[in-house]
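Letters A, B, ... mirror the listed sequences (proteins, then strands); counts begin at 1. Keep in mind the model is a prediction, meaning the values are calculated, not measured.
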Amino acid sequence: MTKKKKKRIVTQSNNRCKGCRFCEISCPAEAISVSSEVNAKGYNYMEIDHKKCTTCGVCYTVCPDYVFEIIEVA
Amino acid sequence: MTEKRIPKTLVEDNKFCPGCGHGIINRVLAEVLEEMELVDMAIGSVAVGCACLMIDTFGTDWVQAAHGRAAAVACGIKRVRPENFVFTYQGDGDSLAIGFSETMYAAVRNENITAFIVNNGIFGMTGGQMAPTSLPGQRTTTSPAGKDPSLAGQPLNIINQMRQLPIAYLARGSVGSFKEIIKLKKYIKAAVTNQIEGKGYGLVEILSPCPTNWKMTMRGALDHMGDNVKNFFPTGEFIKEGVHTDA
């Protein structure tokens, strides 16, 4: 019997983002880009292209503002 | 592969500028304290500067010392509460300019505390003045033509100052890239472990970008760290468990 692998997804809290772009610079899949929309703090927040995203977790590690989380879904 | 969730110790959003390395260091420190189950017994000592903004957002107990005196206060706390994990968290201006004496003498006495020094080469909170760690030629509000080492001295390298002391742990990390942040977590964990095991003073200096006061974009600040800052401040572990390494 094989163990079913859980799916990982990236969630983001756009209102925490200050638009520094460290995630965009670091993303190995080039899945992150800056949005034209502005968040509650007045910054252009970052958007993830979920088709390109590999949920590697680099964005979680480099983000100074705790925007991203990697969670497992059943 | 596991989940990566924001540590619960970070009770509020941080108050730092966009791209500031403090936010990353706060998260890494919170992760280490949670993994080692030390959050409830940790007491932090901060003084003045951007670093002390974290006392509102980082969910451990804190004492705010007079400017530069965080190490002296931490030594006192540790002596009366040896069962607690006691650490200082300061910027380079606070710990290496105003509080250089306190920082050094805590190490000279090999006090059983852990010091985290965030080095961004500038006085951030007061608006970007020259610090002892500013690089030669660095433009700041008090050195608009660039820092002249013949007038202001070479950048102060705290690792070189402490390398000959009988302390337990000494390392310099960086938040300049993903790989360096992973290494930094290892250094912080080792420094914390040294105190818990009663081995003595541990210090981790952390190179951090300050895009706001460096007047750079994030990419420019990260390139500056890789191309210039690391030439003056090489990273690695310099003393491990009281033993000098060749790093």
Side-chain angles (χ1 to χ4, degrees), chain A residues 2-35 37-48 50 52-74, chain B residues 1-31 50 53-54 57-59 118 120 174-186 206 208-212 214 216-226:
Chain A
T2 53
K3 204 175 174 184
K4 199 183 171 190
K5 210 176 172 184
K6 282 183 178 170
K7 192 184 171 196
R8 282 155 52 100
I9 58 166
V10 183
T11 61
Q12 59 186 116
S13 310
N14 289 335
N15 280 336
R16 286 182 174 161
C17 183
K18 295 178 193 147
C20 75
R21 301 179 132 189
F22 199 173
C23 54
E24 184 190 21
I25 295 165
S26 303
C27 179
E30 298 183 359
I32 304 178
S33 57
V34 67
S35 165
E37 302 285 316
V38 174
N39 66 13
K41 287 179 182 161
Y43 296 107
N44 289 90
Y45 58 85
M46 308 308 292
E47 278 181 334
I48 296 179
H50 290 280
K52 288 185 183 172
C53 178
T54 60
T55 65
C56 64
V58 168
C59 53
Y60 165 88
T61 304
V62 301
C63 179
D65 297 301
Y66 329 138
V67 172
F68 305 102
E69 284 190 315
I70 313 291
I71 60 168
E72 288 180 339
V73 288
Chain B
M1 300 288 266
T2 53
E3 293 194 328
K4 291 179 186 292
R5 288 186 182 267
I6 303 301
K8 291 185 174 60
T9 310
L10 301 168
V11 290
E12 277 183 39
D13 295 355
N14 71 51
K15 301 172 179 178
F16 304 114
C17 302
C20 176
H22 274 295
I24 301 169
I25 300 161
N26 280 196
R27 199 204 65 244
V28 173
L29 181 58
E31 283 176 356
C50 299
L53 290 172
M54 76 189 278
T57 63
F58 196 98
V118 181
N120 56 16
S174 168
V175 295
S177 69
F178 169 72
K179 281 183 184 169
E180 287 172 310
I181 296 167
I182 300 295
K183 275 189 195 166
L184 172 67
K185 186 170 177 182
K186 195 182 108 190
I206 304 149
S208 168
C210 180
T212 301
W214 291 357
M216 291 178 182
T217 61
M218 192 66 199
R219 191 181 289 277
L222 296 173
D223 289 346
H224 174 66
M225 288 179 74

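- Nearest approach of Pro7(B) to Tyr60(A), heavy atoms of both residues: CD-OH, 4.0 Å.
- Proximity to chain A (any heavy atom under 4.5 Å) is restricted, for Lys15(B), to the backbone atoms N, CA, C and O.
- Annotation for Pro18(B) and Cys20(A): closest pair C-CB, 3.9 Å, computed over non-hydrogen atoms.
- With Lys18(A) contributing its side chain and Phe16(B) its backbone, the two residues share a donor-acceptor pair below 3.5 Å.
- Within the 4.5 angstrom heavy-atom criterion, no atom of Cys17(A) approaches chain B.
- Of the two parts of Val28(B), neither the backbone nor the side chain holds a non-hydrogen atom closer than 4.5 Å to a non-hydrogen atom of chain A.
- The candidate with the highest count of non-hydrogen atom pairs below 4.5 Å against chain A, out of Arg27(B), Met218(B), His22(B), is Arg27(B).
- Scored by the side-chain hydrogen bond (donor to acceptor under 3.5 Å, both in side chains) test, Arg5(B) finds Glu3(B) as partners (sequence neighbours excluded).
- Residue Tyr66(A) is tested with Thr57(B), Ile24(B), Ile6(B) for a side chain to side chain contact (heavy atoms under 4.5 Å, CB included); the sole match is Ile6(B).
- Ile25(B) does not touch chain A: none of its heavy atoms, backbone or side chain, sits under 4.5 Å away.
- For the options Ile70(A), Val10(A), Ile71(A), heavy-atom pairs under 4.5 Å to chain B are most numerous at Ile70(A).
- At a 4.5 Å heavy-atom cutoff, Glu180(B) makes no contact with chain A through either its backbone or its side chain.
- Note that the NZ atom of Lys6(A) and the OG1 atom of Thr2(B) stand 11.5 Å from one another [nearest 0.5 Å].
- Cys27(A) pairs by the side chain to side chain contact (heavy atoms under 4.5 Å, CB included) definition with Ala29(A), Ala31(A), Ile32(A), not counting sequence neighbours.
- For a residue to count as touching a neighbouring chain, one of its non-hydrogen atoms must lie under 4.5 Å from one of that chain's; by this rule Ser26(A) does not touch chain B.
- For Phe68(A), the part lying near chain B is the backbone, with the side chain staying farther off; criterion is any non-hydrogen pair under 4.5 Å.
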